[in-house]
Amino acid sequence: MPSSEALPPFEQVVREHGPRVLAICRARVAAADVDDAWSETFLAALRAWPDLPGDLDVRAWLATVAARKCIDVHRARQRRRAEPVADVPDVGFEETTHDEGVWRHVAELPTKQRHVITYRYLGGLPYARIVELVGGSEPAARRAAADGLRTLRDKEIR
């Protein structure tokens, strides 16, 4: 059973080890992400603090937590992020009865064909990603799309 009786108060740990954690973060992430990595390290440490053993090597443990949080921050930075803009441009999209007719016919397709066509042609997803969403295999997804498109063509949707 963990005991935190021998551990110093958390505030003292932040004061003592904060500069070392900051140095680790500076060495591992971009300058813009240092504060986030440092904060995430101590938030994680605070959450775990009550359950830690009293004989814990706090310095080594915090170094490990900091290194892992730096990896998390770095990975988050690598993901694609939307850039905020002051004004959203008007793309001039107009819904027409033609579009409504097409999507009405798409809605009548069998479920898998409807999903594959929607993900592929409205969402622009590759078949490999579509398979993750609807199940089956990539050839089956391609077949569902082809069958659905043939059904739509047979209805003479232009």
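Below, each value reflects all heavy atoms present in this structure, side chains not excepted, and no hydrogens, waters or symmetry copies.
Under the 4.5 Å side-chain criterion, counting only non-hydrogen atoms from C-beta, K112 is not in contact with H115. Contact check for V29 versus D36: no side-chain heavy atoms found under the 4.5 Å cut-off.
Residue pairs meeting the side chain to side chain donor-acceptor pair (under 3.5 Å) criterion with at least one member in residues 7-28, sequence neighbours excluded: Q12-E16.
The cluster map of Ile, Leu, Val, Met, Phe, Trp and Tyr, joined by side-chain heavy atoms under 4.5 Å apart, puts I24 and V14 in different clusters. When hydrophobic clusters are built by joining Ile, Leu, Val, Met, Phe, Trp and Tyr residues whose side-chain heavy atoms come closer than 4.5 Å, directly or via intermediates, L62 is grouped together with F10. V65 and L43 fall into different hydrophobic clusters, where Ile, Leu, Val, Met, Phe, Trp and Tyr side chains are chained together by heavy-atom contacts under 4.5 Å.
Residues satisfying the side-chain hydrogen bond (donor to acceptor under 3.5 Å, both in side chains) test with D147, not counting sequence neighbours, are R143, R150. Here Y127 pairs with nothing under the ring pair (Phe, Tyr, Trp, His ring centres under 6.0 Å) rule; sequence neighbours left out. The side chain to side chain contact (heavy atoms under 4.5 Å, CB included) search around A30 returns D33, not counting sequence neighbours.
Nearest heavy atom pair, residue P50 against residue L46, reads CD-O, 3.5 Å. Contact between G148 and Q113 at its shortest, heavy atoms only, is CA-OE1, 3.4 Å. Residues C25 and T41 come closest through the heavy atom pair SG-OG1, 4.4 Å. Taking both residues in full, the closest heavy atoms of A144 and V116 are given as CB-CG2, 4.2 Å, listed atom of the first, atom of the second, then distance.
The CG atom of L149 sits 11.0 Å away from the CG atom of D154 when rounded to the nearest 0.5 Å.
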Atom pairs and distances, donor-acceptor, side-chain atoms in residues 128-135, under 3.5 Å, two or more places apart:
from	atom 1	to	atom 2	distance (Å)
R129	NH1	E132	OE1	2.9

Report, one line per pair, each donor and acceptor closer than 3.5 Å where one atom sits in a side chain of residues 69-76; sequence neighbours left out.
none

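Checked by atom type and distance alone, the side chain of W61 never pairs as donor or acceptor with a backbone atom of L56 at under 3.5 Å.
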* For L109 and L152, what are the C-alpha separation, side-chain angles and deciding distance, and is it a side-chain contact (heavy atoms from CB on, under 4.5 Å)? -> CA-CA 9 Å; L109 292 172; L152 294 173; 4.3 Å; yes
